[in-house]
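Working notes for the structure below.
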Amino acid sequence: MDNLFKNIISHCKTYGFIFPSSEIYDGLSATYDYGPNGVELKNNIKQAWWKSMVRQHENIVGLDAAIFMHPKTWKASGHVDAFNDPLIDNKTSKKRYRADVLVEDYMAKLEAKIQKEVDKAKKRFGDDFDEVMYSKTNPRVLANAEKHEAARTRLAKAMTDGDLEDMKKMIEDYEIACPESGSRDWTEVRQFNLMFSTQLGAVAGEEGKLYLRPETAQGIFVNFLNVQKSSRQKVPFGIAQIGKAFRNEIIARQFIFRMREFEQMEMQFFVQPGSEMEWYEYWKAERLKWHEMLGGSSEDLRYHDHDNLAHYANAAVDIEFKFPFGFKELEGIHSRTDFDLTQHQALSGKKMQYFDPVLNESYVPYVVETSIGVDRMFLATLSRAYTEESVPDGKGGSSERVVLKLHPSLAPVKCAILPLVKNNADLTEKARAVFDDLKMDYAAQYDEKDAIGRRYRRQDAIGTPYCITVDHDSLEDNAVTVRERDSLTQERVSLDGLKAYLAQRL
Ligand code: GAP
């Protein structure tokens, strides 16, 4: 798995998806730039989300709020006081860690031990193996499962109570050592606020202190009435937004999984108080469907209920994706109650109530939120699509290829137009004409360099669903050969019907 992840990262750089930020200065930790193919894929992800949220729901409208907000926003939202991670330093290596992540890593090791036992038994017993019965009865599996459950509940309680002492005690009790130095010489656990701050104009000190938003959601909350009134929406309705968010993550690792500057796609759905659990279940199911529509399955997606709820939520679930380093949070669905609107009402002194014409009364709506990181979705998409495989080489043997089996709607390039050879003006002219005809409708690429096989491989590597080859016969029959990326099937398609052919498939 480690190798697979390394290969994906290296593929991203080679094929212009992602580069380390300011690489010539040795990069800036946990910050990345999206290259020519990366920006296309990222835009396609955002478009797929926007379409499914805003275009397909008459009662969801969009917003693009500023990153900077009045500093009181973050006091009201609880981020100034409660948006903290528990951090701990190892005195020997001087490395800093998130205390909860150290415990989670310990739990992951227990899970791996359980899995190892199960795999061993599966091998030994073959087809007769009953995994459920084995997990319920094998003493080693049971002992590790018990340890895992004890750590899980203890961590959840410590996180909910903000009990830093017990978190330190957990690290001692579970004999967790620094991954770098192997030492168990730890400092106390301290709270660390994740918001980046900066200064407004020339205003000095606390007065001019501004924060870079750690979530896009607050821009939606403070605009709730502006949007509702101007778009004449009635509860239940939603506001969707895509934008940058910033968090001073203590440990930012695993490539674009945890970054300090990232992008979120968030939707706040305003509902009548008391109906929030119904909507929570609705959005939980809807969001999973979206992931499935883009190629997800029960193999790589699962729900995970939160053990410790954020300060604003009364229910929360993650949609987890099986990244190359294990199942991790991809998207969160949170029932945020009326916490945010009530807090903004209290601190701003402005009413945040909605007059419900059906009930003939005013109330502060409850909110169900769906929140997903664009970058995390990007990594999930690439991890799912990245495939190393052997394919027939057309000469009776086989050859290796790396192909991105991307959903066509997400592919950075939809079709590549390739003249069979470069040094034939008739072919290149015809191929260019095909390209010119398609380029306004589809992200298309014209490529005449290298042998056709190499050009196919280049397109496979960036996930282009269709390669369109203009050959000598094309000059006679006005048709082209269309090669499909995953099945490698080739079809002869008349140029008159090419657009319709692509439209149907893309
Ligand atoms: N408004 C709610 C909220 O921000 P969250 O669970 O903290 O909730 C939502 O974040 C989503 O944003 C996550 O599921 C993840 O996809 C993404 N995300 C959060 N922190 C991130 C980071 N440091 N780097 C990349 N994506 C991140």
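The residues of the chain are indexed from 1 along the displayed sequence. The figures that follow rest on heavy atoms only: side chains count, while hydrogens, waters and symmetry mates do not. Remember, it's 1-based here, ligands and their atoms both numbered in the order they're listed.
Taking a cut-off of under 4.0 Å to the non-hydrogen atoms of E266, the atoms of ligand 1 that pass are 1 (N), 2 (C), 3 (C), 4 (O). Set against the non-hydrogen atoms of E215, the atoms of ligand 1 under 4.0 Å away are 1 (N), 2 (C), 3 (C), 4 (O). The R336 neighbourhood of ligand 1 comprises atoms 1 (N), 2 (C), with distances under 4.0 Å to a heavy atom of that residue. Close contacts between ligand 1 and E331 involve ligand atoms 14 (O) [criterion: under 4.0 Å to a heavy atom].
Contacts with ligand 1 closer than 4.0 Å are made by no heavy atom of Q268, backbone or side chain. When heavy-atom distances to ligand 1 are checked against a 4.0 Å cut-off, H334 comes that close only through its side chain, counted from C-beta outward.
At distances below 3.5 Å, at least one donor-acceptor pair connects side-chain atoms of Q345 with backbone N or O atoms of M352.
Between Y32 and F255, the ring centre distance stays below 6.0 Å. Here the two rings, on Y211 and F196, have centers that are 6.0 Å apart or farther.
Here the heavy atom of the protein found nearest to atom 2 (C) of ligand 1 is E369 OE1, 3.1 Å. Ranking the protein heavy atoms by distance from atom 24 (N) of ligand 1 puts M259 N, 2.8 Å first. With respect to atom 25 (C) of ligand 1, the closest heavy atom belonging to the protein is F257 O, 3.3 Å. In this structure, atom 4 (O) of ligand 1 lies nearest to the protein heavy atom R247 NH2, 2.9 Å. For atom 13 (C) of ligand 1, the closest non-hydrogen atom on the protein side is E329 OE2, 3.2 Å.
Where the criterion is an N or O separation shorter than 3.5 Å, residue side chain and backbone included, A217 fails it with respect to ligand 1. At least one N or O atom of Q264, backbone or side chain, sits closer than 3.5 Å to an N or O atom of ligand 1. Of the polar atoms of L330, at least one N or O is found under 3.5 Å from an N or O of ligand 1, judged by distance alone. Checking only distances, R258 never comes within under 3.5 Å of ligand 1, N or O to N or O. The shortest N or O to N or O distance between G373 and ligand 1 is below 3.5 Å.
Nearest heavy-atom pair across P236 and W279 is CG-CZ2, 3.7 Å.
Atom CZ of R55 is surrounded by 12 or fewer heavy atoms from other residues, nucleotides or ligands within 6.0 Å.
The residue among A30, A245, S77, S371 with a heavy atom at the shortest distance from atom 9 (C) of ligand 1 is S371. One option in F262, F246, F378 has a heavy atom closer to atom 18 (N) of ligand 1 than any other, and that option is F262.
Contact check for Q264 versus S371: side-chain heavy atoms found under the 4.5 Å cut-off. The closest side-chain heavy-atom distance from S383 to F321 is below 4.5 Å.
For R154 and Y174, the positive end sits near the middle of the six-membered ring, less than 6.0 Å away and at most 45° from its axis.
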Would you be so kind as to tabulate the donor-acceptor pairs closer than 3.5 Å made by side chains of residues 179-189, with sequence neighbours excluded?
residue	atom	partner	partner atom	Å
S181	OG	N90	OD1	3.2
S181	OG	S183	N	3.2
S183	OG	N90	ND2	3.4
S183	OG	T92	OG1	2.8
S183	OG	D185	N	3.0
R184	NE	E175	O	3.4
W186	NE1	I176	O	3.0
T187	OG1	D89	N	2.9
T187	OG1	D89	O	3.3
E188	OE2	K168	NZ	3.2

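One distance of note links CD1 of I242 with CD of Q47; it measures 9.5 Å at 0.5 Å rounding.
Ionic pairing of R260 and E249 is not present here: no N-O contact between side-chain nitrogen and carboxylate oxygen is shorter than 4.0 angstrom.
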